[in-house]
Amino acid sequence: NGARRHLAKARADHDAQVRQAEARRLINEARRFARAGDFNHAEAMLQEADKQMPGFSETAQARAEMAERLHGEFAHS
């Protein structure tokens, strides 16, 4: 029973690592879209990242960076 519990924890840890890696990939895609000025697609990528890792601080950080960038574009136009 202890081995089964250990296996379940290892599987859960692996699943969390996979979800975190996918969230990071989506965040990087979102940043690329934002650099190109495509904030709608950037936000869509961040929403997908939120589904992979709800409450992930890196998603919130990317969203804040994009809000600054978006604000800056409107300020300079």
Side-chain angles (χ1 to χ4, degrees):
N1 198 359
R4 193 174 292 151
R5 198 170 26 246
H6 179 73
L7 181 61
K9 182 182 178 343
R11 193 172 290 138
D13 289 348
H14 174 75
D15 289 350
Q17 288 175 347
V18 169
R19 284 193 311 275
Q20 187 178 70
E22 178 63 4
R24 284 192 171 124
R25 186 191 69 76
L26 290 161
I27 292 165
N28 286 332
E29 284 294 306
R31 286 185 167 122
R32 273 196 279 280
F33 278 120
R35 280 194 296 274
D38 188 345
F39 293 98
N40 288 331
H41 279 106
E43 178 56 28
M45 294 293 105
L46 293 179
Q47 288 177 11
E48 287 300 313
D50 281 334
K51 290 177 188 172
Q52 292 294 322
M53 290 286 295
F56 193 34
S57 63
E58 291 179 32
T59 309
Q61 181 182 349
R63 198 171 263 125
E65 291 167 9
M66 284 178 226
E68 280 182 31
R69 184 181 295 254
L70 183 61
H71 188 295
E73 281 193 10
F74 285 119
H76 297 290
S77 49

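Each residue takes its place number in the sequence, starting with 1.
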Residue set satisfying salt bridge (charged side-chain N to carboxylate O under 4.0 Å, His left out) with Asp15, at least two apart, ordered chain then number -> none
Could you tell me which non-hydrogen atom of [X] sits nearest to which non-hydrogen atom of [Y], and how far apart they are?
X     : Y     : answer
Ala34 : Ala42 : N-CB, 3.9 Å
Met53 : Ala16 : SD-O, 4.2 Å
Phe39 : Met66 : CE2-O, 3.8 Å

Rounded to the nearest 0.5 Å, the CG atom of Leu26 sits from the CD atom of Glu58 at a distance of 12.0 Å
Basic-acidic side-chain contact under 4.0 Å: Arg19, Glu22
no
Across all chains, not counting sequence neighbours, the ring pair (Phe, Tyr, Trp, His ring centres under 6.0 Å) partners of Phe33 are His41
Side-chain donor-acceptor distances from residues 45-52 under 3.5 Å, at least two apart:
residue : atom : partner : partner atom : Å
Gln47   : NE2  : Glu43   : OE2          : 3.3
Glu48   : OE2  : Lys51   : NZ           : 3.1
Asp50   : OD2  : Arg63   : NH1          : 3.2
Asp50   : OD2  : Arg63   : NH2          : 3.1

Problem set entry | Minimum side-chain heavy-atom gap Glu68-His71 below 4.5 Å | no
Discussion item. Taking the side chain as everything from C-beta on, heavy atoms only, tell me whether Arg24 gets closer than 4.5 Å to Gln20.
Written reply: yes
